[in-house]
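In what follows, a single structure is set out as C-alpha cells and then discussed.
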Amino acid sequence: MDDLTTSQRQAVSHIDGPLLVLAGPGSGKTRVVTRRIAHLVESGVPPSQILAITFTNKAAGEMAERVESILPAARVWVSTFHRFCARLLRKHASVVGLESNYTILDTGDQKTAMRRVMRDLDLDPVHYSPDRIAWHISTAKNDLVTAEMFVRRFEEQIGDHWQATVAKVYPAYQKWLLESNAVDFDDLLLHVAVMLSEHEELRNSLDERFRYVLVDEYQDTNIAQYQIVRALSQQYPNLCVTGDPDQSIYGWRGARIANILRFEQDYPDARVIRLEDNFRSTQAILRSADALIAHNTQRKDKQLITQNPEGDPVQLLRFSDSHLEADGIARRIREMVEAGGRNWNDFAIFYRVNALTRQLENALMRHRVPFQVAAGVAFYDRAEIKDILSYLRLVYNPADRAAFLRVVNKPLRGLGKTSQDRLVAWAGREGVDFIEAARRAQEVPKLSKRAVSAFRKFAEMIDDFSLADAGSVENLLTSIIERTAYTKPWEGSPVEKEQQQLANVQELVTAAKQFDTTFTDETSLEGFLEQTCLVNETDSLDDSLDDTSGQVTMMTLHAAKGLEFPVVYIVGVEEGLLPHERATRENDPNEIEEERRLLFVGITRAQEKLSLTETGRRSFRGRDLMTIRSPFIAEVECETVDCTDDAVMPEWQQQQLQESLTQRREDAGGQPLQFDNKPLLMTGADLLNGEKKGIDIPQGFRQGMLVRHPRYGRGTVTTTDGHGPRRTVTVQFEESDLTKTFHAAKSPLQPIGT
DNA sequence: AATTGTGTAGTTTTT
DNA sequence: CTACACAATT
C-alpha cells in the first residue's frame, strides 16, 4: 500500500458495500482496480465470487493479466459485458427461446438480414434505409425496449412514420433472428437483462454467485448494461464502479452518463472516492483540459491536480489549408525526431473523423515518417474470412440463415436466388433447419433436378464437416477450405488483392491452430466462433502499438481513450468537425457537451506536449470550404502559433529528396525501401499477420523498373513524364498485356524486387 | 453470372 | 471525392 496515494489506498482497501470511484484521466485507475481485486482475495473473498466487467477485450486482458501477476492462482472472472452475457446466455438459452448453440451475427450479417426482412415487408429501401432502421432497433435494444414493447408503445401513442416502420420491422427482424437461432450484439445484453428481470430465482442465484462485482468505465454503460449490473447487486450490493463522467463519449451508442451520476441515489450508502491526482500530463496540459471541461454543465465538479512540471504551453497551430496542416505536422514530427530525444512512437495524431487520415498519410509518407493507422478493415470483417467462418457457423448451428445464404452458392454451385428462395420458404413451412432442408431437397416443390442434387451435395458436405469436428478447429477449417476449394482460384494469382485474401485465409487457420492449443475442451468450435465475433482486430493491434518503437500512431479521438502519448496533435479543431456538425444540428446541449468531452479525452492523452490545429480552408468531400473557428478554441488555454506562412516543401528540397531516394533505391538493389530500418505498417491486418510491407515514395519511378499494381499485377515501367505532382508513369503489365499511365503521386504502384 | 453503370449518402463504433 | 448498393446490361 506504500506506493499508493491516500485516496487510492482508500479505494483499494474498501471491501463490502457499494463503491464509486471517480477517476480522472491518468489517475492510476486500472492499478487501483486490480489492486483492489487482489486485496479482496487476500482478505478472504473467494475468487469465484468476484466478477470484473470491462468494455473492451483489451481492458479485460490487461486486468486479468495484472491480477494474475499479483495472485497467480486466483481464478477471478474478468470479462467484457458481451462475453459475460454470451456465456450466461449459452447456459440459459432456452429461457429466452434460443438453443444453446445459437450463433452471434456481426454487423454485416445484421445488415443483410435487415435488408431481407425489409424486402419481405415490401418496404422501400431508398426511403427507409436499412441502416437507419437498424440504428433505431439498436437504440431500442440498448434502452431495453423489446420488439413487443416497441409495438405496444407505438400503438398506444402514434409516432412518426419512422416509428411506424420500425414497429413493423423490429418484430419481423427478431423473428428472423429467432428462427436462425441467432442473436445480434445488442441482443446479448437485452436477452440477459430480460432474463434477469423475468426470472427471479435465476437472478437470485447469480446475485449470490457474483457477490463482488466490479464495473470499469461505468460512464459508458447503457440502460441494458445498467440493469444487468443492478440485477446482480441486490442482496449483495458489493458493487464497485469506476469511471469518469467527463470521459463519457459513447452517448450516441446509448451510453447513459446519468448511470454514473445517479449512483449515489441508486445506492444511498455508497462510498465515493475521487482520484484526482494526475500522474500523466504537464500542468499546462491539465490546465487546458480543466478550462475546457469546466464549460460543461452536466457534471460533477472535479479538480485535476499534478505534481508534474509546468511543461511547454499548449499550442494552437493555424494553417491556411488542410494540405499545409498535414505537411506542417509531418515536418514538425520529423524535425523533433531529428533533433534527438524523441522516437516516432512518442507521437500520436488524433482526429474526429476517419476521412481526415488521407491527407495526413500522404504528408507523412512524403516526409518519410513511419506511421500506423489504428483503423482499416477489421480482420474478421473481410469477405473471405466471413465466408469461411460461415461454414463453421453452419456446422455449429444449421439454422443460421445468414451463414447458409452466404455460402450455399459460394463457390458457385448453380444454386441461384430462385432455388434458394424456394428452399428457404420450404424450410420455414416445415420448421426444419437449412441443412435438413437441403438434405431433403427432393421434397421441395418446383426445384430443378440440378438444384436438388446440388443442395443434397451441399448438405452432405456440411454433414461430413460435422463428423470431422472432433475438437480441432484447425482440422475442421482446413478440411472446409480443401473440400470447397475456396482458395483455389487465387492460388498463384498475380493480383495482389487475391494474394492478400489467400494470406488472410491462412492467417485464420493459424488463429484456429493457436486457439486449439490454448483451449482444449470439447466445446472449442463454440469458443472459437465466440472469439471471432466478440474479438476485435484492434485488440491485437494495440499490443504491437505498445512495443513497436518505430511509428507515429494515427487514430480517431474515440479510439484514443485509455491511451497516452508524450506528444499529441489533435487536428481539425474546427466548427463542423469538432464539434461535429451533426452534434450541433439539433442544437442539443448534451451533444455539444459530448463533443467537448471528446476533445477533453484527446487533450488528456498528452503527457508532455500538445498541439491543436485549425485551418483557414479545408477541402472535404470534394469541396473546398472556408473554416469557421471552433467554439472550443476559446475555451482551451493555449498559445496561438501562426503557420499560415508555411510553404510546401521548396522545389530544391523536393529535388534533393528525389535524388537521395533514387540513390538509395539503387543501393537497395530494387528492394522496397525501408526507412530507418523500420518497416512502415499500414493496416491493422498487416500488423496482425506481421507482414512488414515497405511503403514507397511514389515519385521515384524510373524506366525499366519492375512494379506491382494491386489490380493489374506485375509490370515494367516503360516511360515516365513530367515532374512533381504531375509526374506520370506508363507501365506495361505482364499478365494482361495492358499498358496504363498513372499519376505517380496518386497511383498505388509499388516497386518490387527481382 | 459477371460486368458495367447509376445513384446516393457520407460521425464516432469498446462488442 | 469515394464507397457502396442495386439495376441494367451482356
Side-chain angles (χ1 to χ4, degrees), chain A residues 53-62 79-86 104-108 110-112 114-115 119 124-127 129-132 134-135 138 141-142 183-190 216-217 219-222 224-225 247-255 350-356 358-359 374-375 377-378 380-381 383 409-417 530-539 541-542 555-563 572 576-585 591 594-595 597-599 601-602 618-624 746:
Chain A
I53 306 180
T54 63
F55 276 83
T56 66
N57 289 299
K58 190 179 157 240
E62 268 170 24
S79 170
T80 64
F81 262 110
H82 287 82
R83 198 179 277 258
F84 171 72
C85 290
I104 304 168
L105 296 186
D106 61 58
T107 42
Q110 213 185 110
K111 252 196 207 166
T112 14
M114 196 68 65
R115 237 177 269 284
R119 198 176 315 166
D124 174 18
V126 178
H127 194 207
S129 91
D131 275 355
R132 278 210 192 154
W135 182 83
S138 172
K141 286 181 176 179
N142 288 330
V183 299
D184 62 24
F185 284 137
D186 302 317
D187 278 339
L188 287 170
L189 304 174
L190 180 66
D216 197 18
E217 307 279 18
Q219 79 281 354
D220 289 334
T221 49
N222 59 33
Q225 288 157 336
Q247 293 184 66
S248 160
I249 53 175
Y250 285 102
W252 52 276
R253 275 177 112 231
F350 304 149
Y351 34 81
R352 178 66 231 263
V353 294
N354 282 310
L356 294 187
R358 198 163 310 228
Q359 283 191 318
V377 195
Y380 292 111
D381 275 351
N409 199 28
K410 203 177 286 179
L412 300 176
R413 300 188 174 90
L415 294 170
K417 200 181 160 318
E530 200 174 286
Q531 182 91 347
T532 54
C533 45
L534 296 183
V535 167
N536 190 304
E537 157 183 32
T538 42
D539 297 332
L541 176 125
D542 287 345
M555 63 178 87
T556 62
L557 284 161
H558 283 90
K561 195 169 81 168
L563 304 175
L577 274 174
L578 194 64
H580 194 274
E581 57 130 344
R582 276 172 89 130
T584 35
R585 196 180 293 167
E591 289 192 47
E594 182 154 315
E595 297 288 308
R597 290 193 292 268
L598 197 49
L599 180 56
V601 166
R618 183 176 294 276
S619 45
F620 192 54
R621 284 194 200 155
R623 253 201 294 247
D624 199 28
K746 285 183 191 160

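Everything numeric here is computed off the predicted structure, so don't read it as measured data. In the text below, chain A, chain B and the rest are named by the order of the sequence lines, each starting its count at 1.
Comparing the C1' positions of C:dA5 and B:dT12 gives an interatomic distance of 23 Å, to the nearest angstrom. Rounded to whole Å, the P atom of C:dC4 lies 16 Å from the corresponding atom of B:dT13.
Rounded to an integer number of Å, the gap from CZ of A:Phe620 to C1' of C:dA3 is 14 Å. Following rounding to the nearest Å, A:Asp131 (CG) and B:dT11 (C1') show an atom-to-atom distance of 13 Å. Remark: P of B:dT14 and CD1 of A:Ile104 are 16 Å apart, rounded to the nearest angstrom. Protein atom NE2 of A:His127 is 11 Å distant from nucleotide atom P of B:dA9, rounded to whole Å. Between the CD atom of A:Gln247 and the C1' atom of B:dT12 there is a distance of 16 Å, rounded to whole Å. When the P atom of B:dT13 is taken as reference, atom NZ of A:Lys141 falls 22 Å away, rounded to whole Å. To the nearest angstrom, C1' of B:dT14 lies 12 Å from CG of A:Asn222. Regarding A:Gln110, its CD atom lies at a distance of 17 Å from the P atom of B:dT13, rounded to whole Å.
At a threshold of 4.0 angstrom between heavy atoms, the contacts of A:Arg585 with the nucleic acid are absent. As judged by a 4.0 angstrom heavy-atom cut-off over every strand, A:Arg115 is placed among residues touching the sugar-phosphate backbone only. Nucleic acid contact class of A:Leu412 (heavy atoms, under 4.0 Å, all strands): sugar-phosphate only. As judged by a 4.0 angstrom heavy-atom cut-off over every strand, A:Asp186 is placed among residues making no nucleic acid contact. If you check every strand for non-hydrogen atoms under 4.0 Å, A:Arg132 touches sugar and phosphate atoms only.
When all heavy atoms are compared, the tightest approach of A:Gln110 to A:Asp184 is NE2-CB, 3.5 Å. Residues A:Asn222 and A:Gly254 share a closest heavy-atom pair of CB-O, 3.1 Å. What you find for A:Phe185 and A:Leu534 is that their closest heavy atoms are CE2-CD2, 3.7 Å.
For the side-chain hydrogen bond (donor to acceptor under 3.5 Å, both in side chains) with A:Lys561, the lone residue among A:Asp220, A:Thr56, A:Thr556 that qualifies is A:Asp220.
In this structure, A:His82 forms no aromatic stack with the base of B:dT15, since the conditions of centre separation below 5.5 Å and plane angle below 30° are not both met. The aromatic ring of A:Tyr250 does not sit over the base of B:dT13, since the test of centres under 5.5 Å and planes under 30° is not met.
Contact between the side-chain N/O atoms of A:Thr556 and the OP1/OP2 oxygens of B:dT13 is found at a separation under 4.0 Å. Side-chain N/O atoms of A:Arg358 include one lying less than 4.0 angstrom from OP1 or OP2 on C:dA3. Contact annotation: A:Arg621 does not reach the phosphate of C:dA3 (side-chain N/O to OP1 or OP2, under 4.0 Å).
Out of B:dT11, B:dT13, C:dT2, the shortest distance to the side chain of A:Asn354 is found at B:dT13. Comparing C:dA3, B:dT14, B:dT15 by their nearest atom to the side chain of A:Asp220 picks out B:dT14. Side-chain proximity of A:Phe55 to the nucleotides C:dT2, B:dT11, B:dT14 is greatest for B:dT14. Across B:dT15, B:dT11, C:dA3, the shortest atom-to-atom separation from the side chain of A:Leu534 is found for B:dT15.
Judged by closest nucleotide on DNA chain B, A:Arg352 is the one of A:Arg253 and A:Arg352 placed further toward the 5' end. Along DNA chain B, the nucleotide nearest to A:Asn409 and the one nearest to A:Glu595 differ in position, and the one closer to the 5' end is contacted by A:Asn409.
Taking the centre of each ring, A:Trp252 and A:His580 stay at or above the 6.0 Å mark.
The pair A:Arg585-A:Glu591 does not count as a salt bridge, with every side-chain nitrogen at least 4.0 angstrom from each carboxylate oxygen.
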